[in-house]
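Structure first, commentary second.
Keep in mind that this is a model prediction, so the values were computed, not measured. Throughout, residue positions are numbered sequentially from 1 according to the sequence presented.
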Amino acid sequence: MASAPDPNPATTQRCWQAATLPAAHIRQWEQRWVVYDHRSGETHLLEGAAGALFQWLHQAPRTEMELIEKCDRDLGQEVADAEAFTEQLLAELRRRQLVKERK
């Protein structure tokens, strides 16, 4: 398993949360999640790590460090840089307006 990188304290202290969506609007099949966003009318297909990260944030807000550690723990063999990978996943979910930084 890859070891977690030395985290950037300014980055890892940020807290993230999923958009407020009813649980009924989220369905999971194996490693795929279908998320209906009633705010925009869009339906999103999230696969693999992106879906898992969204689901975890939908359960409760998490710090970026918690997300990095989860990616490293769950995907360590597949991800060389858990911090960069987590930031990439968050950027994609943020672009889709499915997560936001918690103030």
Side-chain angles (χ1 to χ4, degrees):
M1 178 182 279
S3 62
D6 290 333
N8 175 347
T11 300
T12 58
Q13 294 305 313
R14 295 187 301 185
C15 191
W16 292 88
Q17 67 184 49
T20 305
L21 300 172
H25 290 187
I26 303 166
R27 294 282 187 247
Q28 179 184 1
W29 290 272
E30 297 178 10
Q31 292 299 310
R32 293 188 173 122
W33 287 259
V34 174
V35 179
Y36 172 68
D37 186 346
H38 65 280
R39 302 166 305 165
S40 66
E42 294 182 307
T43 301
H44 303 277
L45 174 61
L46 303 175
E47 297 186 270
L53 197 68
F54 171 78
Q55 181 68 22
W56 204 47
L57 284 171
H58 191 257
Q59 294 168 356
R62 313 287 178 170
T63 66
E64 197 157 325
M65 189 66 225
E66 289 173 311
L67 299 173
I68 291 167
E69 288 172 353
K70 180 166 179 60
C71 281
D72 186 52
R73 183 177 58 248
D74 294 354
L75 306 167
Q77 297 290 344
E78 303 166 25
V79 178
D81 184 345
E83 185 173 2
F85 184 71
T86 303
E87 288 175 11
Q88 179 184 357
L89 291 174
L90 287 169
E92 175 62 22
L93 293 171
R94 191 174 193 180
R95 184 188 66 74
R96 295 181 185 208
Q97 299 180 355
L98 293 175
V99 300
K100 62 182 178 179
E101 192 174 343
R102 190 172 183 184
K103 303 293 181 194

Exercise for review: Compare all side-chain heavy atoms of Leu46 with those of Arg96 and state whether any distance is below 4.5 angstrom.
Suggested key: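 A side-chain contact exists here, since the closest heavy-atom pair is under 4.5 Å.
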Check your understanding: Are the side chains of Val34 and Trp29 in touch, meaning some heavy atoms are under 4.5 Å apart?
Key ->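 SC-SC contact between Val34 and Trp29 confirmed.
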**Study point:** Electrostatic pair Lys70:Glu66 at N-O distance under 4.0 angstrom
**Key:**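 A salt bridge is absent here (no side-chain N lies under 4.0 Å from a carboxylate O).
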Review point. For the residue pair Trp16 and Arg94, what are the closest heavy atoms and their distance?
Key: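 Distance-wise, the nearest heavy atoms are CH2-NH1, 3.7 Å.
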Exercise for review: Might you point out which heavy atoms bring Ala18 and Phe54 nearest each other, and give the distance in Å?
Suggested key: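 In this case the closest contact between Ala18 and Phe54 is CB-CE1, 3.9 Å.
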State the [atom1]-[atom2] distance between [X] and [Y], to the nearest 0.5 angstrom.
X      : Y     : atom1 : atom2 : value
Leu21  : Leu98 : CG    : CG    : 6.5 Å
Arg102 : Leu57 : CZ    : CG    : 11.0 Å
Thr43  : His38 : OG1   : NE2   : 12.5 Å
Glu69  : Thr63 : CD    : OG1   : 7.0 Å
His44  : Ile26 : NE2   : CD1   : 11.0 Å
Ile68  : Glu83 : CD1   : CD    : 4.5 Å

Practice item. Using the side chain to side chain contact (heavy atoms under 4.5 Å, CB included) rule, pick out the option among His58, Arg62, Lys100 that qualifies with Gln17. Key: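 Of all the options given, the one that passes is Lys100.
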Exercise for review: Inspect the surroundings of CD in Glu30 and state if more than 12 heavy atoms from other residues, nucleotides or ligands are less than 6.0 Å away.
Suggested key: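 Counting neighbours around CD of Glu30, 12 or fewer heavy atoms of other residues, nucleotides or ligands fall under 6.0 Å, so no.
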Point to revise | Gln97 backbone acceptor or donor facing Arg39 side chain under 3.5 Å | key: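 A pair under 3.5 Å: yes.
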